[in-house]
Visitor: 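Below is a structure I'd like to ask you about.
Basis for what follows: all heavy atoms, side chains included, without hydrogens, waters or symmetry-related copies. Lettering of chains follows the sequences in order, A, B, ..., and the numbering in each one begins at 1.
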Amino acid sequence: MNAPPVRTRYAPSPTGVPHIGNIRTAVFDYLLARHFGGQFVLRLEDTDRTRLVPDSVEKISESLRWLGLDYDEGPDIGGPYGPYVQSERLDLYRAAADRMIAQGDAYECWCSSERLDAVRAEQTRLKQPPKYDRRCREPAGQAEARTEAEAAGRTCVVRFKTPLSGEVTLHDAIYGDSTFDLATIDDFVMLKSDGFPTYHLAYIVDDEAMRITHVLRGNEWISSAPRHLLIYQALGYEVPVIAHLPLILGADGSKLSKRHGATSVFEYRDQGFLPDAVFNFLGLMGWSLDDKTEIISREQFIEHFTLDRVVKNPAIFNVEKLTWMNGVYIREMPAERLTDIFVARLDADLPPTIARPIDRDVIARVTPLIRERVKLLSEVASYCEFFLTDALTYSREDLLGKRFASGPEAARSVIERANAELEALPDWTHDAIEAALRALGDEVHGEDAAVKTGDVFSLIRVAITGSKVSPPLFESMEIVGRERCTERLRAAGERLAA
RNA sequence: GGCGCCAUCGUCUAGGGGCCUAGGACGCCGCCCUUUCAAGGCGGAGAUCGCGGGUUCGAAUCCCGCUGGCGCUACCA
């Protein structure tokens, strides 16, 4: 007997840019499907018309694509079980609701929202659990409510007729078994008065129709699971594997939100995180390969990902670790690809005063110099700018540093001597530059013991790169070129004379 | 209020009764390397495994209670 192919789905509501916690669920969905050689589908749960945000669909698919979470079926690419948008599947939900009414598992409720609010308010006041009072569950109450509603031009909702007693057990692939007392469960709404289903009905009908075998979702859904179990049962569906995932929290331990900083993958992309690093990091939020592996390739993830290594406790999103991981990915990336990424980033980040197109040949030579230093792509511009422009902006204080602070004249003389050495160099290589400058440094140190070789290097570094912190000086000078270097030194000298 | 879930270094985690005087990673500190900054190497601080009871020869690991955190309690998902 063959088991059906594993099919998972990521089913977000189009209410804006997907949240990073939500995306982690998508990562797990993707991984599980790929691990078992099954399909990963994208479905849009747009049943709440009041919360629809235009362009969400694009944001969702762009988020998934950026992370390389390619889905096999979805709203924009179709598939054998479409449509993949719930608002286009209304008949299915209606039919399911009608069937449950006919079977006696559901009923129409004509109560007004005003009445419902009043009932709840009163229950809250009496410190009772707020629940629908089941007026329409009884024929008499329903008839009465219906008359009122029709007079007011209102229509009805469909509620599930929850058994008054008994219990139901959720078998969760991650959390294990939990038993719920049906007496605590409300007669919840499945079909709203506008004809749209609620999440509870919609996802179950769709998962069945789309042959979904594994339901992965955030653990805030655990308390709703008993309702779902009731619906599966009423509809005669086989219950899929249900796996609730631990939540991702912000640094303060509360649910991740805007005030915790970046919550969408776009913000991470813009800050200069690589998709592979974010993927790796997210894959490790609640799952681990073993007791030591941190850097995991996509192939390894797919090979090893299973639900039994998912933890139950919530995870706090730790950007520092993500940042470290991003540095690892940058360092391990092939040089050619990294250069392309740097060039694209520079094109986006550098001011328009710097000529376009960005000189790829130059950046290709710079890449090995800075790849060990870059953790975020957003840092690349400051490392590269001086290679691409001669308009340096540094302060006199930075140029002089500590040692030359009281002796600008001495600094100027060092610069002039350096320039003379550099101009006389037979070969413009970083080794030759270093030899010459080191000799000069030693010489200066001999003349004035207070000045170290490093001080000379620092002086030249600021003159050439415009900063006290830069890629390796001699290699940088080699790339900048002799003429531009001597010109920059001359400019620095003039600056000190002024 | 009701129902439910969770609980190991600051953070992500390993751990499934003796291998745990609790391992790894990020971050932090120190040293080495070094032209700056990184990267790298070495070392260190950091968890009486939330607390209290059991069970057992033996518990981070099993059971119960408590506490704390979180979630749900809508014609939102």
Side-chain angles (χ1 to χ4, degrees), chain A residues 11-13 15 22 45-48 50-51 109 111-113 116-117 120 123-124 126-132 155-159 170 172 175 178-181 183-186 188-200 202-203 217-226 244 246-247 249 251 253-255 281 284-295 309 311-325 327-328 331 369-375 383 401 434 437-438 441 452-458 460-462 465 467-474:
Chain A
S13 290
T15 54
N22 249 318
E45 310 220 321
D46 59 342
T47 56
D48 184 354
T50 66
R51 297 203 312 156
C109 169
C111 293
S112 70
S113 46
L116 262 20
D117 289 344
R120 253 193 303 273
Q123 289 165 331
T124 309
L126 296 171
K127 303 243 181 262
Q128 292 170 349
K131 272 169 69 175
Y132 175 54
T155 169
C156 68
V157 302
V158 176
R159 288 182 184 273
L170 165 69
D172 189 284
Y175 288 92
S178 306
T179 298
F180 299 83
D181 184 355
T184 65
I185 297 168
D186 210 352
F188 56 94
V189 174
M190 294 189 290
L191 209 59
K192 298 184 265 188
S193 57
D194 61 3
F196 280 70
T198 58
Y199 168 82
H200 312 297
Y203 101 81
R217 72 203 348 174
N219 95 23
E220 72 266 24
W221 286 108
I222 291 184
S223 10
S224 300
H244 289 98
L247 258 21
L249 309 175
S254 69
K255 207 171 168 182
F281 183 74
L284 251 18
M285 292 252 86
W287 182 87
S288 63
L289 174 60
D290 55 30
D291 59 342
K292 50 196 58 162
T293 314
E294 306 284 344
I295 304 298
R309 283 197 68 83
V311 299
K312 299 176 185 162
N313 36 343
I316 291 176
F317 194 90
N318 181 195
V319 200
E320 322 245 274
K321 186 158 183 174
L322 207 210
T323 305
W324 161 78
M325 198 171 268
V328 173
R331 272 173 257 136
L369 265 38
I370 66 171
R371 68 179 317 159
E372 312 254 284
R373 288 154 231 274
V374 175
K375 283 205 175 102
Y383 278 119
E434 175 167 3
L437 260 22
R438 202 172 281 284
K452 303 279 200 317
T453 306
D455 299 322
V456 172
F457 291 167
S458 176
I460 296 171
R461 181 187 306 281
V462 175
T465 71
S467 168
K468 292 201 283 191
V469 175
S470 80
L473 179 58
F474 313 117

Visitor: Partner of B:G16 by Watson-Crick or G-U wobble geometry, both contacts under 3.5 Å, or none?
Guide: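 In the structure as shown, B:G16 has no Watson-Crick or wobble partner.
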Visitor: Could you let me know what B:A39 is paired to, Watson-Crick or G-U wobble, both distances under 3.5 Å, or none if it's on its own?
Guide: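 Result: none.
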Visitor: At 4.0 Å (heavy atoms only), tell me whether A:Val311 reaches a base, stays on the sugar-phosphate, or touches nothing.
Guide: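 Result for A:Val311 = sugar-phosphate.
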Visitor: Checking A:Trp324 now: which residues fulfil ring pair (Phe, Tyr, Trp, His ring centres under 6.0 Å) with it, not counting sequence neighbours?
Guide: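 Testing A:Trp324 for ring pair (Phe, Tyr, Trp, His ring centres under 6.0 Å), a comparison that skips the adjacent residues, returns none.
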Visitor: Could you give the start and end, 5' to 3', of the contact zone on RNA chain B for chain A, using atoms under 4.0 Å from its heavy atoms?
Guide: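 It runs B:G1 to B:A77.
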Visitor: Would you call A:Asp455 and A:Lys452 a salt bridge, using N to O less than 4.0 angstrom?
Guide: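 Looking at A:Asp455 and A:Lys452, the cut-off is not met.
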Visitor: Under 4.0 angstrom, heavy atoms only, what part of the nucleic acid is A:Thr47 near: base, sugar-phosphate, or nothing?
Guide: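 Answer is sugar-phosphate: A:Thr47 comes under 4.0 Å of backbone atoms only.
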Visitor: Who is the Watson-Crick or G-U wobble partner of B:U56, with both distances under 3.5 Å?
Guide: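 Across all strands, not a single nucleotide pairs with B:U56.
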Visitor: Base, sugar-phosphate, or nothing: which does A:Ser178 touch, judged by heavy atoms less than 4.0 Å apart?
Guide: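 The answer is sugar-phosphate, as A:Ser178 gets under 4.0 Å only of primed atoms, P, OP1 or OP2.
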Visitor: Hey, does A:Lys292 reach any base, or is it just sugar-phosphate, or nothing, if we go heavy atoms under 4.0 Å?
Guide: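 Contact class for A:Lys292: sugar-phosphate only.
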Visitor: Compute both the distance and the angle, then confirm whether A:Arg217 meets the cation-pi test with A:Tyr203: under 6.0 Å from the six-membered ring centre, within 45 degrees of the axis.
Guide: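 The answer is yes, since A:Arg217 meets both limits relative to A:Tyr203.
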Visitor: In terms of side-chain heavy atoms, does A:Arg461 have a donor or acceptor partner in A:Ser470 at a distance below 3.5 Å?
Guide: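 Distance-only check passes for A:Arg461 and A:Ser470.
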Visitor: Touch check for A:Met285, heavy atoms < 4.0 angstrom, all strands: base, sugar-phosphate only, or nothing?
Guide: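 Here A:Met285 touches the backbone only, sparing every base.
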